[in-house]
K.L.:
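What follows is a structure written as structure tokens; I'll ask about it next.
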Amino acid sequence: MGKVNKGAGAIADVIVAGAGPAGTNAALAAAASGLDVVLLDEQDAAGGQVWRKPLDGLNGLPETAELKAGNALRERLIASNVRFLPGRRIWSVSGQYRVDVIGADNPEFFEAPHLIAATGAHERVVPFEGWTLPGVIGLAGATTLIKSGGIVPGNRIVVAGSGPLLTAVAAGILKLGGTVAAVVDIAPLGAWLKALPALASVPSLLAQGAVWTLAIGRARVPVYRGHAVVRALGNGRLEQVVIGPVDAAGAPVAGSDAFTIDADCLCVGNGLVAGSDITRCLRAGHTYDRLRGGVVPVLDDAGRTSRAGLYACGDGYGIRGAAMAESAGVLAGLAAACDAGAISAEEMQRRAAPHRATFAARRRFSDAMAGMMALRPEQVRAIAPETVVCRCEDITRGAIDAAIAAGAKDLNQLKHFTRCGMGPCQARMCGDVVAELLAIGTGDRAALGALTMRPPLRPVPLEALLGDFSYSDIPIPEPAPL
Amino acid sequence: MSYDLVIVGGGVHGCTAALFAARGGMKVALVERGALAREASGVNAGTLTMQMTRVALIPYALRAHAMWANAREWLGHDVGVVVCDGLSLAFTEQEAQLLSYRAGKRREAGAPIDLISGTEAKSIEPGLADGVLLAGHCRVDGFANAYLTGLAFQRALREAGVDVLEYTPATGIEREAGGFAVLTSAGPVRGKRLLLAGGVWIEPMLGWLGIRLPIKTLVNQLAVSERVQPVMRTVVGIANGLLSLKQYPHGTVVIGGGWQGIGDRERGGVELVPERLIGNARLACHAIPALRAARMVRAWAGLEAETADALPAVGPVPGIPDAYVCGSVHSGYTSGPYIARLLAEHLLGKEPSLPLFPIDRLLAPATGREGLT
Ligand SMILES: Cc1cc2nc3c(=O)[nH]c(=O)nc-3n(C[C@H](O)[C@H](O)[C@H](O)COP(=O)(O)OP(=O)(O)OC[C@H]3O[C@@H](n4cnc5c(N)ncnc54)[C@H](O)[C@@H]3O)c2cc1C
Ligand SMILES: Cc1cc2nc3c(=O)[nH]c(=O)nc-3n(C[C@H](O)[C@H](O)[C@H](O)COP(=O)(O)OP(=O)(O)OC[C@H]3O[C@@H](n4cnc5c(N)ncnc54)[C@H](O)[C@@H]3O)c2cc1C
């Protein structure tokens, strides 16, 4: 590995960023084609979000299908000649291509002519009054606690928001012996019934959902469909969740009865955002796609971006779910192998064929799920003026509207006017909600794009960036003119 | 309809000139490609310091500093100015020599810089590392919150009656009877006089008038930490000028000093060089060790203009009556308001209190290079 200041970086044929289902499969496919592949992830094991490995020493966690799939993937990785480097946080991507990481004793970097971006999605929470109270956690975040630690995040838990994670989290809590006070789903029953044929197109996944739903029914957990959280209440921490009915578009029904549920934990999430971190940072071509979770790179059918040698796959670059992430990963790995000359175009097509078939077969299912998780503009419009939208900087809806009234017309300018998105979450929490608020006035969400992406891709402690150095090691440029 | 003055470029130079020209009674239009102060003037480090200012600009910078210090009076809107002590550090013998020489020259030009020992420096800035051999200490220092510049000027210009045309790129200039037509995406904007204040883009803008003034584009990198407990209370730099460091009242620390990223006038600052972000961070933590514990949350780059002699291009455009240029001022956020106000005074027919920086000296061959110093 290259140490900064001390010689060149470690050279590889391909660097894969992120070892979830997408990235790991990409790395395996490229390595199986004979390429030297470096696979980087900030976590200690491969598996990503969905196939997260339980913490070491935790035995006796329920043996789930996801745990099995994750273990199988990790075994394939060990058996391969992919150079997997866990515990590496990528903070910079540059050049053609250089990837800088922290996590080892000194900062390191890797260089390769091919870079596959597979860093995964992050969660969206559409703000409501009280969402920053202790005891309110993300729905996707809850899956992390459940999977890596077998942790039930409260004594009486309300599970709320949208999409398939609702049932997954509620069932996961029940399986660990926890209590679910209610499931609150923004989608009305009708929306699920309408999606049913699409969901039935992948019977195994529909069956999985059915098992979870049955478990929730067996535990007699009340399920409120077509409802959303109105506010979270509590003195210093969550005590009650107020919910109320919403219409088909996700807007609260005016004058309708809200009611209160006692709870000490609220797991709430409104789908996933495709952050497109690496492709945005490297300024590949992008487009706005609400179904796919935001501003996503323009990709060909094998995951090639508009920049030569740069590929993207998985939910971080377009929400499609874990199964599609795997196929997309294989395709990107093969594309890199083909472009590097390791396999011929015919060979690539031959090996890609089954994965393209999987991709096609799952499309309906995946679109239906992505549709359930997509941002609902009406829900964003309903955010109250006094509700905090940017929690890092404590900026309310009212302050954002005031900046828009003062003339802020694009996202970067809105950020300058308010500091919204300047905090440590780097606008991951508020970014696409704020864009939707700005779009109310401009009328064109797609044209707003996304905030300019820059390193560090994640916050990095300066300590970790510095490494060991003495003053004379600092390559100080020529002094400015006097 | 014809304006008295059409200004192209809404950075600190264009905006300040517009403000004072309008207050002086002119009817002014400001044509800006994007939003006000979103290039250099909105993304710079905001340091208002004499210790990085070029010697020839010290008299201007001192007056400009006084303007920033009471921005509420002439600008009327907040840009978060903090006036505090500034320290320029030397860690090696070589740097100490450089510092003594440079501080001496700046002092001769009027900057109130004293040379003090490392111990004295530490009493002024308790966050300082050990090992400082010598420091330049200046009481006329401080910083602004550059990202607030656009909002502040937008309000001030509206109140002064300037027609601000944002998101309106200029694409060319035609000379016509009685003045100029600035061609824009929204049609021509006509004026008796023309001021080009386009930052690094003054080179192509002057090109529209057939004038060739080479402008070098610097791509300056900056980084900012998350909010942290107070780790420093002064503006800290080093002798050769490659560090600028300060902590804002809300807790973030901005790390800069002119380390170069990748980009150009056409594409902007497209890429940051990781090695140089690390180098800059090392320098910062070498000076203020408590900074090590902070996390970097963001880095960015902006474009700064530099002429062949690194002195400003501010004055009439030779051979083209009623056309003016204002830009390429080193440490131009510090000095910009004063220098642009000088130009506005000139346009209003007043005798400027300090000389402008005519561009004749910089023009390519025909106009002669004798003026080059
Ligand atoms: C918090 C969360 C929980 C989820 N839980 C489920 C679930 O329970 N069931 C389900 O079906 N789907 C879940 N999903 C949806 C998930 O996106 C997909 O199921 C699937 O994991 C996508 O695979 P992927 O390979 O694209 O991304 P991921 O699985 O997210 O993998 C991306 C990997 O990249 C790494 N990474 C990201 N940024 C960096 C960086 N800067 N440096 C180094 N490494 C980095 C991450 O550590 C991660 O291991 C969840 C999503 C999220 C965000
Ligand atoms: C990263 C960085 C850090 C810096 N730090 C400091 C510091 O700490 N202290 C200090 O004193 N100085 C600093 N500087 C220098 C200072 O920012 C600049 O000198 C100053 O802001 C320049 O102002 P300007 O108005 O000349 O240019 P700009 O602010 O660049 O304004 C030029 C304007 O012209 C517009 N424009 C361009 N083309 C067209 C067109 N075709 N039509 C219409 N409009 C157009 C642009 O959009 C832009 O808004 C820094 C500079 C950078 C880049």
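Fair warning: this is a prediction, and the values are worked out from it, not measured in the lab. Atom set for the values below is all heavy atoms of this structure, side chains included, hydrogens, waters and symmetry mates excluded.
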K.L.:
What distance do B:L242 atom CG and A:I474 atom CD1 have between them, rounded to the nearest 0.5 Å?
P.N.:
11.0 Å

K.L.:
Are B:R282 and A:Y471 close enough, and set up right, to give a side-chain hydrogen bond (donor to acceptor under 3.5 Å, both in side chains), and what steps lead you there?
P.N.:
CA-CA 8 Å; B:R282 284 177 169 173; A:Y471 191 58; over 6 Å; no

K.L.:
Going from OG1 on B:T53 to CG on A:L482, what distance comes out if it is rounded to the nearest 0.5 angstrom?
P.N.:
11.0 Å

K.L.:
Sort A:T452 into side chain, backbone, both or neither according to what part of it lies under 4.5 angstrom from a heavy atom of chain B.
P.N.:
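Both backbone and side chain of A:T452 come within 4.5 Å of chain B.
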
K.L.:
Which is it for B:E271 and A:R98 under the salt bridge (charged side-chain N to carboxylate O under 4.0 Å, His left out) test, yes or no, and what are the steps along the way?
P.N.:
CA-CA 12 Å; B:E271 203 173 295; A:R98 166 172 165 152; over 6 Å; no

K.L.:
Apply side chain to side chain donor-acceptor pair (under 3.5 Å) to B:S244 and list each qualifying residue two or more places apart in sequence or on a separate chain.
P.N.:
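Residues passing side chain to side chain donor-acceptor pair (under 3.5 Å) with B:S244: none at all.
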
K.L.:
Might you point out which heavy atoms bring A:F417 and B:Q154 nearest each other, and give the distance in Å?
P.N.:
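What the structure gives for the nearest pair is CZ-NE2, 4.2 Å.
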
K.L.:
Can B:R295 and A:E463 be counted as an ion pair, charged N to O under 4.0 angstrom?
P.N.:
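No, B:R295 and A:E463 are not salt-bridged.
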
K.L.:
Of the listed residues (B:Y101, B:F91, B:Y167), which shares the most heavy-atom pairs with chain A below a 4.5 Å separation?
P.N.:
B:Y167

K.L.:
Is any side-chain heavy atom of A:D410 closer than 4.5 Å to one of B:R38?
P.N.:
yes

K.L.:
Taking all non-hydrogen atoms of both residues, which atom of B:T252 and which atom of A:R419 are closest, and how far apart?
P.N.:
CG2-NH2, 3.7 Å

K.L.:
Can you confirm whether B:L151 sits close enough to A:H416 that some side-chain heavy atom of one is under 4.5 Å from a side-chain heavy atom of the other?
P.N.:
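Result no, sub-4.5 Å side-chain heavy-atom pair not found.
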
K.L.:
Under 4.5 Å from any heavy atom of chain A, what part of B:L243 do you find: side chain, backbone, both or neither?
P.N.:
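Nothing of B:L243, per the 4.5 Å heavy-atom cut-off to chain A.
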
K.L.:
Shorter than 4.5 Å, heavy atoms on both sides: which option in B:Q260, B:K105, B:H250, B:R102 has the most such pairs with chain A?
P.N.:
B:R102

K.L.:
Check whether B:V224 gets within reach of chain A through its side chain, its backbone, both or neither, counting any heavy atom under 4.5 Å.
P.N.:
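Interface part for B:V224: neither.
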
K.L.:
Quick check on the interface: out of B:G150, B:A310, B:A294, who has the most heavy-atom pairs with chain A under 4.5 Å?
P.N.:
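Most heavy-atom pairs within the cutoff with chain A belong to B:A294.
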
K.L.:
Show the nearest heavy-atom pair for residues A:P424 and B:V297, with the distance to one decimal.
P.N.:
CA-CG1, 3.8 Å

K.L.:
Under 4.5 Å heavy-atom distance to chain B, tell me which part of A:K409 shows up: side chain, backbone, both or neither.
P.N.:
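Contact with chain B involves both backbone and side-chain atoms of A:K409.
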
K.L.:
What part of B:I255 lies closer than 4.5 angstrom to a heavy atom of chain A: side chain, backbone, both or neither?
P.N.:
side chain

K.L.:
Assess whether atom CD of B:Q94 is packed by more than 12 heavy atoms of other residues, nucleotides or ligands within 6.0 Å.
P.N.:
no

K.L.:
Mind ranking A:Q413, A:K415, A:M422 by heavy-atom pairs under 4.5 Å with chain B and telling me who comes out on top?
P.N.:
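Between A:Q413, A:K415, A:M422, the count favours A:Q413.
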
K.L.:
Counting distance only, does the side-chain N/O of A:Q426 pair as donor-acceptor with the main-chain N or O of B:R298 below 3.5 Å?
P.N.:
no

K.L.:
Is atom CG of A:D105 surrounded by more than 12 heavy atoms (other residues, nucleotides or ligands) closer than 6.0 Å?
P.N.:
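Check fails, neighbour count at 12 or below.
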
K.L.:
Is B:L272 in contact with chain A via its backbone, its side chain, both, or neither, using a 4.5 Å heavy-atom distance?
P.N.:
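Both the backbone and the side chain of B:L272 come within 4.5 Å of chain A.
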
K.L.:
Does any backbone or side-chain atom of A:S94 lie under 4.5 Å from a heavy atom of chain B? Answer side chain, backbone, both or neither.
P.N.:
both

K.L.:
Is chain A contacted by the side chain of B:R155, its backbone, both, or neither, given a heavy-atom distance below 4.5 Å?
P.N.:
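For B:R155, the contact with chain A is made by the side chain alone.
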
K.L.:
How many angstroms lie between CG in A:D473 and CD1 in B:I278, if you round to the nearest 0.5 Å?
P.N.:
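If we round to the nearest 0.5 Å, A:D473:CG and B:I278:CD1 are 12.0 Å apart.
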
K.L.:
I want to check something: taking the side chain as every heavy atom from C-beta on, are B:E275 and A:D100 in contact at a cut-off of under 4.5 Å?
P.N.:
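Heavy-atom side-chain distance check fails, nothing below 4.5 Å.
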
K.L.:
With side chains defined as the heavy atoms from C-beta onward, is the minimum distance between B:L277 and A:W91 less than 4.5 Å?
P.N.:
yes

K.L.:
Give, for atom CG of A:N412 and atom CH2 of B:W300, the distance between the pair rounded to the nearest 0.5 Å.
P.N.:
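CH2 of B:W300 is found 12.5 Å from CG of A:N412.
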
K.L.:
Measuring heavy-atom distances to chain A, does B:S225 have an atom under 4.5 Å in its side chain, in its backbone, in both, or in neither?
P.N.:
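The answer is neither part of B:S225.
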
K.L.:
In terms of heavy-atom proximity below 4.5 Å to chain A, should B:Q221 be classed as side chain, backbone, both, or neither?
P.N.:
neither

K.L.:
Kindly say whether A:G423 contributes a backbone atom to a donor-acceptor pair with the side chain of B:E226 at under 3.5 angstrom?
P.N.:
no

K.L.:
At a heavy-atom distance under 4.5 Å, which candidate from B:L148, B:L98, B:V270, B:V273 has the highest pair count against chain A?
P.N.:
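Between B:L148, B:L98, B:V270, B:V273, the count favours B:V270.
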
K.L.:
To the nearest 0.5 angstrom, please state how far the CG atom of B:L283 sits from the CG atom of A:L466.
P.N.:
11.0 Å

K.L.:
What part of B:I262 is in contact with chain A, defined as an atom under 4.5 angstrom from a non-hydrogen atom: side chain, backbone, both or neither?
P.N.:
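Neither the backbone nor the side chain of B:I262 comes within 4.5 Å of chain A.
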
